[in-house]
Structures are given as structure tokens and as C-alpha cells.
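Have a look at the structure below before the remarks.
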Amino acid sequence: MTMDEMKEKTVLITGADGGIGREITRALATQGATLVMACIDANAARPVCEVIAEESGNRAIEIMQLDLASLASIRQFATRFSEKYQQLHVLINNAGVFCAKRQETADGFEKTLGINYLGPFLLTNLLLPVLKKTPEARIINVSSNACAQGRLDLNNIHLKMGYQGFKAYANSKLAVVLFTLE
């Protein structure tokens with residue numbers, strides 16, 4: 001794509017300050033997109049944003065704080081985003097975690113499932129009104145081939161019994177794939 005192909009497009013990327021998210025942000029910045037970096041720690045994301053803006057020459061990059069482990073944070077973020085942006089061309093649900101030991105979110109969900117699946121599910125649904133107003137809007141959900149090893153047990157979805165980090169991760173990525181297909 002050339003610099004102008006994404007010029008009029010607004011893209012929201014969760015986990016935009018590290019790993020895959022940072023590289024997606026970098027690539028889209030060079031293509032001229034207006035970018036919203038949804039990150040848990042805005043201060044930690046700021047140097048990444050500054051480097052990408054400098055390298056790409058694209059100053060249309062904003063950091064917005066979002067904690068996918070908190071339903072309240074997701075709701076607040078969606079409200080702030082929808083008030084500021086009238087369109088969302090691409091939503092990239094990229095943020096994710098792998099927890100070796102069982103942890104819970106502020107809302108009592110197993111953390112890996114909460115951040116990798118439940119958070120993006122809520123965020124996507126809250127942003128549907130702005131997505132639907134945007135011609136040719138797209139939702140991209142980042143998963144992993146670990147999903148092939150996932151087995152969702154609805155009686156133990158939060159793995160209160162028999163927690164294993166990889167099992168939680170694989171289950172969360174399977175949930176993401178099933179959500180995407182649905």
C-alpha cells in the first residue's frame with residue numbers, strides 16, 4: 001500500500017505498544033492511517049508512539065488507555081472513543097497475555113480468558129455502532145495456532161480446577177476463533 005491508501009482511515013489497535021501490535025502500528029503509520037493505540041499503560045506506550053511517529057512522519061497517532069482486564073475500563077474506553085471518533089475503519093483486537101499461574105481480572109474472570117477473549121468481545125460489541133456507521137469497516141482478531149489445542153469446558157471455563165497456563169491460553173485463543181467465525 002502507498003502512503004495515501006490508509007490516509008482517511010481510522011484504525012484502533014489494542015496492545016499497540018509491543019510485539020505484533022507495535023509492528024502493525026508501525027506499518028499502518030507508514031501508510032498514513034489515523035491510529036489509536038489502545039494500551040494498558042499510556043506512559044510506557046508514549047516512547048513507542050514517538051518513535052513510530054518520527055520514523056513514519058505520521059503525527060495522527062493517539063494513545064488511549066485501555067485495560068482489557070477491567071470491564072469498567074473497556075466501557076469507559078468505548079464511550080471516550082465513540083465520542084471522539086465518528087468512524088472506525090479497522091478494529092484490531094491484538095492485545096493478549098499468557099499467565100503461567102492462575103490469576104483473576106478485577107471482575108473475577110480467569111485473567112488469560114478475560115484479556116484474550118472476554119475483553120475484546122465486550123470492546124467489539126460496544127464499538128459496533130461506530131463500526132456499522134463506517135463503510136467497509138473491518139474487525140481483525142489476532143489468535144494463535146494454539147487454538148487447535150483448546151478445549152472449552154463450560155463447567156470449568158475459568159479453570160478454577162486444573163489450571164495450566166498453556167491450557168488457559170489455548171482455550172482463550174479458541175474462544176477468539178469461535179467469536180470471529182460467529
Side-chain angles (χ1 to χ4, degrees), residues 10-21 24-25 35-46 62-134 137-144 146-147 150-161 163-165 167-182:
T10 300
V11 181
L12 166 59
I13 307 161
T14 66
D17 58 332
I20 294 169
I24 293 169
T25 302
L35 298 166
V36 177
M37 298 173 63
C39 303
I40 192 168
D41 185 342
N43 291 327
R46 199 164 331 288
E62 176 183 7
I63 301 166
M64 291 180 71
Q65 196 277 331
L66 170 64
D67 182 357
L68 287 169
S70 166
L71 300 181
S73 175
I74 296 164
R75 287 184 176 100
Q76 292 168 357
F77 175 90
T79 298
R80 287 191 327 269
F81 182 90
S82 298
E83 287 171 351
K84 183 166 185 174
Y85 294 93
Q86 303 306 306
Q87 293 193 319
L88 176 55
H89 297 88
V90 185
L91 168 60
I92 304 175
N93 287 313
N94 164 72
V97 297
F98 177 101
C99 299
K101 295 182 181 179
R102 189 179 187 287
Q103 300 174 51
E104 291 188 355
T105 67
D107 302 289
F109 304 123
E110 187 278 315
K111 189 173 183 177
T112 306
L113 183 71
I115 292 173
N116 294 359
Y117 168 65
L118 297 173
F121 178 88
L122 178 60
L123 178 65
T124 300
N125 279 279
L126 292 174
L127 293 176
L128 278 178
V130 70
L131 284 159
K132 287 181 178 180
K133 288 191 302 188
T134 309
R138 299 287 184 262
I139 301 168
I140 299 170
N141 294 318
V142 177
S143 190
S144 161
C147 71
R151 300 289 177 265
L152 297 174
D153 177 357
L154 298 181
N155 293 315
N156 189 26
I157 195 79
H158 296 289
L159 298 176
K160 290 188 177 185
M161 300 173 294
Y163 184 85
Q164 297 170 0
K167 180 179 182 179
Y169 182 78
N171 288 353
S172 73
K173 292 305 182 175
L174 175 59
V176 169
V177 169
L178 295 172
F179 167 50
T180 304
L181 292 172
E182 181 59 29

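In this chain, numbering begins with 1 at the start of the sequence shown. Every value quoted in this text rests on a predicted model; they were computed, and no experiment measured them.
Listed by chain and number, the residues in a side-chain hydrogen bond (donor to acceptor under 3.5 Å, both in side chains) with Thr124 are Asn93 (sequence neighbours excluded). The salt bridge (Lys or Arg N to Asp or Glu O under 4.0 Å) test applied to Arg138 returns no partner, not counting sequence neighbours. Looking at residues two or more places apart in sequence or on another chain, you find a side-chain hydrogen bond (donor to acceptor under 3.5 Å, both in side chains) between Arg102 and Glu104. Residues satisfying the ring-ring contact (aromatic ring centres under 6.0 Å, His included) criterion with Tyr117, sequence neighbours excluded, are Phe121. By the side-chain hydrogen bond (donor to acceptor under 3.5 Å, both in side chains) test, Lys111 is found to be paired with Gln103, residues two or more places apart in sequence or in another chain being considered. When the side-chain hydrogen bond (donor to acceptor under 3.5 Å, both in side chains) test is applied to Lys133, no partner is found at least two apart in sequence or on another chain.
In this structure, Thr10 and Gln86 have side chains that are not in contact, with every pair of non-hydrogen atoms separated by 4.5 Å or more. Two residues are said to be in side-chain contact when any heavy atoms from C-beta on lie closer than 4.5 Å; Tyr163 and Thr112 meet this criterion. You'll find the side chain of Phe81 reaches within 4.5 Å of the side chain of Leu88, heavy atoms only. Contact annotation: the side chain of Phe77 never approaches that of Gln65 to less than 4.5 Å [non-hydrogen atoms, C-beta and beyond].
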Any chance you could lay out the side-chain contact (heavy atoms from CB on, under 4.5 Å) test for Glu110 and Ile157, step after step, and finish with the verdict?
-> CA-CA 8 Å; Glu110 187 278 315; Ile157 195 79; over 6 Å; no
Kindly indicate, with the supporting measurements, whether the criterion side chain to side chain donor-acceptor pair (under 3.5 Å) is fulfilled by Ser73 and Asp67.
-> CA-CA 6 Å; Ser73 175; Asp67 182 357; 5.5 Å; no
Working for side-chain contact (heavy atoms from CB on, under 4.5 Å), residues Leu118 and Thr105 | CA-CA 11 Å; Leu118 297 173; Thr105 67; over 6 Å; no
Test Asn171 against Leu113 for side-chain contact (heavy atoms from CB on, under 4.5 Å), laying out the working first.
-> CA-CA 7 Å; Asn171 288 353; Leu113 183 71; 5.6 Å; no
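Side-chain N or O atoms of Thr14 include one that pairs as donor or acceptor with a backbone N or O of Ala95 at under 3.5 Å. Within the 3.5 Å criterion, the main-chain N or O of Gly15 finds a donor-acceptor partner in the side chain of Asn94.
Across all their heavy atoms, Ser172 and Asn116 have their closest contact at OG-ND2, 3.0 Å. Smallest separation of non-hydrogen atoms from Cys39 and Ala45: SG-CB, 3.8 Å. Residues Ile115 and Gly96 approach most closely at CG2-CA, 4.3 Å, considering heavy atoms. The minimum heavy-atom distance linking Asn156 with Met161 is given by the pair ND2-O, 2.9 Å. Closest of all the heavy-atom pairs between Ala69 and Asp107 is O-OD2, 3.8 Å. Across Leu126 and Ala78, no two heavy atoms sit closer than the pair CB-CB, 3.6 Å.
In the displayed structure, Leu159 atom CG is contacted under 6.0 Å by more than 12 heavy atoms of other residues, nucleotides or ligands.
Note: Leu68 CG to Ile40 CD1 = 8.0 Å, rounded to the nearest 0.5 Å. Rounded to the nearest 0.5 angstrom, Gln76 CD and Leu66 CG are separated by 10.5 Å. We find the CE-CG distance between Met64 and Leu35 to be 13.5 Å, quoted to the nearest 0.5 Å.
Residue Val11 forms a side-chain contact (heavy atoms from CB on, under 4.5 Å) with just one option from Ile140, Val90, Leu91, and that option is Val90.
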